[in-house]
Amino acid sequence: MCCFERLTRNAFRLFLPHALALCAALGACGHARATTFYVRSDGGDASQCTGRVDAAYAGSGQTQACAWKHPAIALPTSDVARIAGGDTLIIGAGSYMIGWGAPDAASSRCASSFPWDCFLAAVPSGPSANTPTRILGRGYDNACPAPPQLWGTERVHKVLNLDGSSNIEIGCLEITDHSDCVEFHSDSASRCERDSAPYGAWASAGLTASASSHVWLHDLNIHGLANVGVYAGGLSNWTVERVRIAANGWVGWNGDIGSGSSNSGPIVLRHVEIAWNGCGERWQTGVIHACWAQQAGGYGDGLGTASTGGQWLVEDSYIHHNTSDGLDLLYLDGAPTTSVVVRRVRAEGNAGNQIKTRGAALIENSIVDGNCAYFLGRDAMTADDQCRAFGNTLSIGLVAGQTATIRHNTITGEGDCLLLTTGGSATSHVMVQNNALIGQIDWRGAQGTPGELTCGHYAEDDQAMVEFSGNAFWHVKYDQCPPGSQCAQNPQLSDMSLASFNALPLTGSPLIDAAPSLASVIDDYFGHPRPAGAAADIGAIEVQPSGDLIFANGFEGAL
């Protein structure tokens, strides 16, 4: 940082040329001039308050030292922001409507005849990755106990706008709308009004982003939007932590924004929950309703992309009960710089495949429950929406010259197979190590062959080299048992039913101390240590000598 403020005036004059040169080299000058602005519900408008003091408007006077009353004053629809790159905007507790009728919601792109364009200006880019522009709810520095709510109305396209925004921190906010409706829903009772005003208190998207790099999203609750929670592509170096994306009517995170959708650099999702997307939400109670998927004209992925690059890391997260695929990274471009790591993730109850990857991949210490017919008979879900794409629990796309490693997971499901590998060539390599694979009745297959079991592994293209070691196969089609596997032994887990699957091995389970030690896997799903140089437990959970469970990933209730 270039901190000139303590210099005397004469020293400042002498030092200034050198300081400017140093700041330019470090990209830090913008931070030295950065300003903190405040929003609070008892603040004033842009003429009444400077926005630079966290104080209420006194009720009279102009240009007072007080907060603004609404985020739209800082980011007006005129697209001329009143904050600059590198500034901080702290939003106080309360509920702030975004859209037609909000302060400063009148401009060349915002009018009563087209209120869908009455969204906030894009957040100005910070001067560098180390000096971001920050939009934060009050309490962001104290565990975010009561995040302010930004809610969209009158069919507004988006609530928060990061299109073209880089070097950004967004934290401690709730992003939603105040309507039960789902955009374009096949059921007229659940469908949003789009034909004539007033359209109602709904918004299409929670957060949009394009051509955006070096962004940190944290402590956000993005839920109940009529279409999509996060609509974002063309990203680079994004980190998403402690973010919930739930009950958005079409999709949780849609990465297909058209041209420019491909991502690059690290894309990190940590401690995220992506759930109930493809369903509506009763905005006053949070009750899930109006679930639908492709057969009824909807979508339903938890997270999906267009063709994309990037080094994806998803860890310590819970991806569940989306009406199509859970985590769909099957469209990774397979370039040498592209990869995906899924670690300590619980995925369950998604109506398609639970996890899909392509190319260089590592899936470890995860519990994957392919309860893909969960939505049968619910709302607008059809029978053909259950176990979509055959409901394979893990779907692993292969690329020539690249390796996919699946190790120390506990995998079950009622789809066609627990593990499907597709594509690739003789130079593709799959390593399947120390997993517990537990079959169930194949939901689709059993429609024609009662009692048919799901298969353990199926290679759609058998050119790839697939190596199995240290795995346990139980209750799978044709009693599949690759060499080096433990087979025909009941794994004795705490609960092996799909509805309440609990991957914790019981005392006496044959999974305990039965796996070769892998030096690179030092812990398990909960963060328990695994023994170094000694036999480990097969599957995601390492039973501890003390019997204690150390809940490291925040989703212990979803065992």
Side-chain angles (χ1 to χ4, degrees), residues 34 36-43 53-56 67-68 70-71 74 83 86-96 98 123 126 129-151 159-160 162 167-176 206-207 214-225 229-230 238-248 252-253 267-276 281 283 285-286 313-320 343-346 523 525-527 548-559:
T36 298
F37 292 91
Y38 299 91
V39 165
R40 47 190 290 169
S41 57
D42 56 3
V53 178
D54 188 9
W68 291 324
H70 197 280
I83 64 172
D87 287 345
T88 296
L89 180 68
I90 297 179
I91 303 172
S95 180
Y96 302 91
I98 307 298
V123 177
N130 293 325
T131 56
T133 306
R134 304 192 304 160
I135 310 295
L136 302 169
R138 183 181 290 144
Y140 73 93
D141 54 352
N142 188 30
C144 191
Q149 182 187 85
L150 309 184
W151 63 276
V159 176
L160 198 57
L162 297 186
N167 307 321
I168 302 293
E169 177 186 350
I170 306 289
C172 193
L173 298 172
E174 179 185 4
I175 300 172
T176 188
L207 181 151
H214 295 97
V215 169
W216 180 27
L217 305 182
H218 62 91
D219 303 290
L220 303 177
N221 185 7
I222 304 172
H223 68 100
L225 282 306
V230 175
W238 267 47
T239 299
V240 181
E241 296 181 300
R242 301 180 302 280
V243 171
R244 177 177 181 261
I245 304 171
N248 300 290
W253 180 311
I267 309 292
V268 177
L269 286 79
R270 183 179 290 119
H271 292 285
V272 302
E273 181 181 11
I274 303 175
W276 301 108
E281 180 186 57
W283 77 272
T285 65
L313 169 62
V314 184
E315 65 180 6
D316 298 320
S317 295
Y318 189 25
I319 300 171
H320 64 103
R343 181 182 291 123
R344 296 185 301 272
V345 167
R346 170 108 187 184
D523 59 10
Y525 173 79
F526 289 117
D548 293 337
L549 293 179
I550 305 167
F551 296 119
N553 66 10
F555 295 116
E556 60 270 21
L559 246 182

Under 3.5 Å donor-acceptor, Thr133 side chain and Gly86 backbone: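 Indeed, once roles are kept as given, a pair shorter than 3.5 Å links the two residues.
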Donor-acceptor contact present, side-chain Thr239 to main-chain Trp216, <3.5 Å: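 No.
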Spacing of [atom1] belonging to [X] relative to [atom2] belonging to [Y], to within rounding of 0.5 Å:
| X | Y | atom1 | atom2 | result |
| --- | --- | --- | --- | --- |
| Phe37 | Thr88 | CZ | OG1 | 10.0 Å |
| Leu150 | Thr176 | CG | OG1 | 10.5 Å |
| Trp253 | Ile319 | CH2 | CD1 | 11.5 Å |
| Glu174 | Gln149 | CD | CD | 4.0 Å |

Qualifying residue, where the test is side chain to side chain donor-acceptor pair (under 3.5 Å) with His223 and the options are Arg244, Glu273, Glu281: Glu281
Candidates Pro148, Ser41, Pro147 - the one meeting side chain to side chain contact (heavy atoms under 4.5 Å, CB included) with Ile91: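 Between Ile91 and the candidates, side chain to side chain contact (heavy atoms under 4.5 Å, CB included) is satisfied uniquely by Pro148.
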Residue among Val272, Asp316, Leu217, Asp219 satisfying side chain to side chain contact (heavy atoms under 4.5 Å, CB included) with Arg242: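 Result for side chain to side chain contact (heavy atoms under 4.5 Å, CB included) with Arg242: Asp219.
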Looking only at heavy atoms, what is the nearest atom pair of [X] and [Y], with distance?
| X | Y | value |
| --- | --- | --- |
| Tyr38 | Val53 | CD1-C, 3.6 Å |
| Ala74 | Leu89 | CB-CD2, 3.7 Å |
| Ile175 | Leu225 | O-CD2, 3.7 Å |

Verdict with supporting geometry, Glu241 and His271, side chain to side chain contact (heavy atoms under 4.5 Å, CB included): CA-CA 6 Å; Glu241 296 181 300; His271 292 285; 5.6 Å; no
Pairing residues for Ala129 by the side-chain contact (heavy atoms from CB on, under 4.5 Å) criterion, not counting sequence neighbours: Asn167, His214
Set of residues satisfying side-chain contact (heavy atoms from CB on, under 4.5 Å) with respect to Trp283, sequence neighbours excluded: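 In terms of side-chain contact (heavy atoms from CB on, under 4.5 Å), with neighbours along the sequence ignored, Trp283 is linked to His178, Asp180.
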Derivation and outcome, side chain to side chain contact (heavy atoms under 4.5 Å, CB included), residues Ile135 and Ile83: CA-CA 10 Å; Ile135 310 295; Ile83 64 172; 4.0 Å; yes
Test item: Leu162 and Trp238 side chains (from C-beta on) under 4.5 Å apart, heavy atoms: yes
Whether Trp276 and His320 hold their rings parallel, tilted or perpendicular, with breakpoints at 30° and 60°: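 Geometry flag for His320 against Trp276: perpendicular rings.
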Set of salt bridge (charged side-chain N to carboxylate O under 4.0 Å, His left out) partners for Arg138, sequence neighbours left out: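 Expected list: Asp54.
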